[in-house]
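Step one of this worksheet: look at the structure below.
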Amino acid sequence: MKILIKNTDLLTMADEDQILHNVNISIDSGRITHIGDIPNDFTPEKIIDGREKLVMPGLVNSHTHIAMSVFRNYADDLSFWPWLTEKILPLEEKLIAQDIYWGSMLSIVEMLKSGITSFADMYFLMDETAKAVSQSGIRASLTRGLAGNESEGQSKIEEAIEFYKKWHGTDNGRIAVDAGPHAPYTCSSAYINMIIEMAKKYNMRIHIHLSESKKEVENSYEKYNKSPIAHVNDLGLFELPTMAAHCVYLSNEDIDILADKRVHVLNNPASNLKLGNGFAPINKLLKNGVNVALGTDGASSNNSQNMFKEISLAGLINKGINNDSTCVKAITALKMATINGAKALGLDDSIGTIEVGKKADIILIDMKKAHLYPKHNPVSAMVYSAQGSDVDTVIIDGKVVMESREIKTIDIEEVMYNVEKHAKELIKR
Ligand code: NI
């Protein structure tokens with residue numbers, strides 16, 4: 001489809017905090033074809049009025065478990081281990097396909113409504129999540145979460161390979177399938193080795209949780225006499241492109257490993273705070289050249305799927321914990337949510353900035369809002385003042401998925417009705 005966005009302000013994210021004013025953007029066959037002067041022979045099938053709007057790259061939610069929205073506001077104000085082992089894991093045992101499908105749809109609604117155009121997910125019964133991604137039009141890197149040991153884990157690896165064969169590269173490449181060893185504390189070393197072999201064979205990226213809680217790190221030293229990061233590095237995990245969620249408790253040696261192996265760190269400020277896990281040393285990671293992306297984590301530890309909250313937290317908390325208001329500037333926080341996320345997912349050649357030739361994953365922010373006035377600095381506005389509900393229009397892979405806040409691909413009433421029904425049944429099950 002040929003789309004023309006007219007007379008808009010544009011934050012490209014390609015060249016620091018460059019803002020272009022009153023420009024036109026043309027989109028053809030899913031890609032950005034021109035910015036500025038549009039050739040006379042371009043005949044748009046759709047024209048979007050960009051006045052009073054800010055165009056910027058769609059946000060990348062680099063770490064989540066979208067089906068967990070069925071647990072939203074179910075288990076709160078608990079510390080990490082009781083939350084996980086006493087509340088979440090027993091209910092996860094009871095999840096059925098329908099719960100995963102409707103939970104995924106609910107999160108996708110929330111993500112689209114707050115400007116997320118791609119996300120990286122790890123969970124199970126992933127066919128249901130893939131179906132929701134396919135139907136909704138969002139972009140995703142999906143992994144079948146893998147936990148266990150070499151004997152009991154084989155069937156899950158076979159499932160992950162089947163899932164890869166069925167979905168990887170489908171929907172014009174909108175869906176990618178990667179490898180998801182859950183964490184070193186839930187996978188034996190031999191099992192991680194088996195997952196590495198699978199990932200090498202199918203050219204998958206790795207998506208894993210690392211050093212999320214203090215207890216996890218202490219247990220790792222007791223069991224392996226090294227940190228979770230040194231442990232998986234010694235197993236050879238980082239020979240594959242790796243997305244590592246959390247990385248809250250890091251030694252200087254850990255940071256050196258992450259930088260040296262070009263591991264992408266996925267920072268989840270709200271989840272780490274809510275579960276009392278602390279806050280990752282983001283400023284130090286960035287200074288050491290580590291690519292840091294942002295994620296929401298699942299809706300049961302957040303409790304939303306709104307990246308504007310994470311962007312704001314990343315901008316504020318790093319200043320607070322470092323007693324330094326100059327660190328993690330607004331533009332850095334915004335990069336974490338866009339181009340750095342694209343790098344983490346291995347998609348920076350195609351998304352993450354607004355440039356000619358890139359895929360059209362674009363959001364339009366409604367700037368005619370009292371809380372965004374006066375218009376001194378749009379970057380600061382996006383980080384310190386904007387809300388998810390300021391997102392007006394969402395374009396993914398060159399298709400208009402949301403316009404004037406109306407999602408074209410999903411019946412939201414149906415989603416809310418089914419989520420409520422299935423969540424209640426799940427608790428009773
Ligand atoms: Ni997680």
Side-chain angles (χ1 to χ4, degrees), residues 60-72 74-76 78-85 87-89 91-92 95 100 103-104 107-108 110-111 116 118-126 129 140-148 160 178-187 192 195 205-217 228-229 232 237 242-250 263-280 282 292-307 309-310 313-314 336-337 341 344-345:
V60 181
N61 183 0
S62 68
H63 178 72
T64 184
H65 315 276
I66 61 167
M68 289 183 85
S69 61
V70 291
F71 304 136
R72 184 183 354 239
Y74 166 72
D76 302 316
L78 294 167
S79 59
F80 181 64
W81 285 90
W83 169 80
L84 183 66
T85 58
K87 290 287 187 178
I88 298 301
L89 292 178
L91 266 193
E92 282 187 335
L95 284 170
I100 302 284
S104 296
S107 282
I108 290 172
E110 194 184 354
M111 290 196 290
I116 294 168
S118 29
F119 68 99
D121 198 273
M122 178 198 298
Y123 216 53
F124 50 92
L125 294 170
M126 289 300 286
T129 298
S141 152
L142 306 176
T143 62
R144 199 285 183 221
L146 299 166
D178 292 312
H182 173 263
Y185 65 90
T186 50
C187 295
I192 289 180
I195 297 166
R205 300 172 81 75
I206 299 288
H207 187 176
I208 189 169
H209 298 88
L210 287 176
S211 300
E212 178 175 7
S213 70
K214 204 173 172 193
K215 190 172 169 186
E216 174 195 340
V217 177
I229 284 162
V232 297
L237 189 78
T242 301
M243 301 183 262
H246 304 304
C247 299
V248 176
Y249 293 93
L250 301 178
V263 173
H264 305 276
V265 169
L266 320 175
N267 179 216
N268 302 269
S271 171
N272 294 153
L273 290 172
K274 182 164 183 274
L275 292 172
N277 282 331
F279 200 80
I282 298 309
V292 182
L294 272 179
T296 58
D297 213 349
S300 63
S301 61
N302 186 302
N303 292 358
S304 61
Q305 300 286 293
N306 172 6
M307 284 284 286
K309 177 161 112 182
E310 309 301 322
L313 285 173
M336 287 164 70
L345 271 62

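Indexing begins at 1, ligand by ligand and atom by atom, following the structure's order. Being a predicted model, the structure only gives us computed values, none of them experimental.
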Checklist entry - Relative to the ring of His209, is the ring of His246 parallel (under 30°), tilted (30 to 60°) or perpendicular (over 60°)? => result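 Aromatic pair His246/His209 classed parallel.
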Next on the checklist: Is there a side-chain contact between Leu95 and Phe124 in this structure, where contact means two heavy atoms from C-beta onward sitting under 4.5 Å apart?
Outcome noted: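 Leu95 reaches Phe124 side chain to side chain.
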Checklist entry - Can you name the residues that form a side chain to side chain contact (heavy atoms under 4.5 Å, CB included) with Ser62, not counting sequence neighbours? => result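 Ser62 satisfies side chain to side chain contact (heavy atoms under 4.5 Å, CB included) with Leu266, Ala293, Leu345 once adjacent residues are dropped.
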Item to check | Stacked cation flag Lys215 on Phe80, 6.0 angstrom / 45 deg | outcome: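 No, Lys215 does not lie over the aromatic ring of Phe80.
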Item to check | Any residue meeting salt bridge (Lys or Arg N to Asp or Glu O under 4.0 Å) with Glu110, in chain and number order, not counting sequence neighbours | outcome: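 Listed in chain order: Arg72.
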Checklist entry - Got a sec, which residues hit ring pair (Phe, Tyr, Trp, His ring centres under 6.0 Å) with Tyr185, two or more places apart in sequence or on another chain? => result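 Checked Tyr185 against ring pair (Phe, Tyr, Trp, His ring centres under 6.0 Å); matches are Trp81, His182.
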Checklist entry - Can you list the protein N, O or S atoms less than 2.8 Å from the Ni ion (ligand 1)? => result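 Per the 2.8 Å query on the Ni ion (ligand 1), atoms found are His63 NE2, His65 NE2, His209 NE2, Asp297 OD1.
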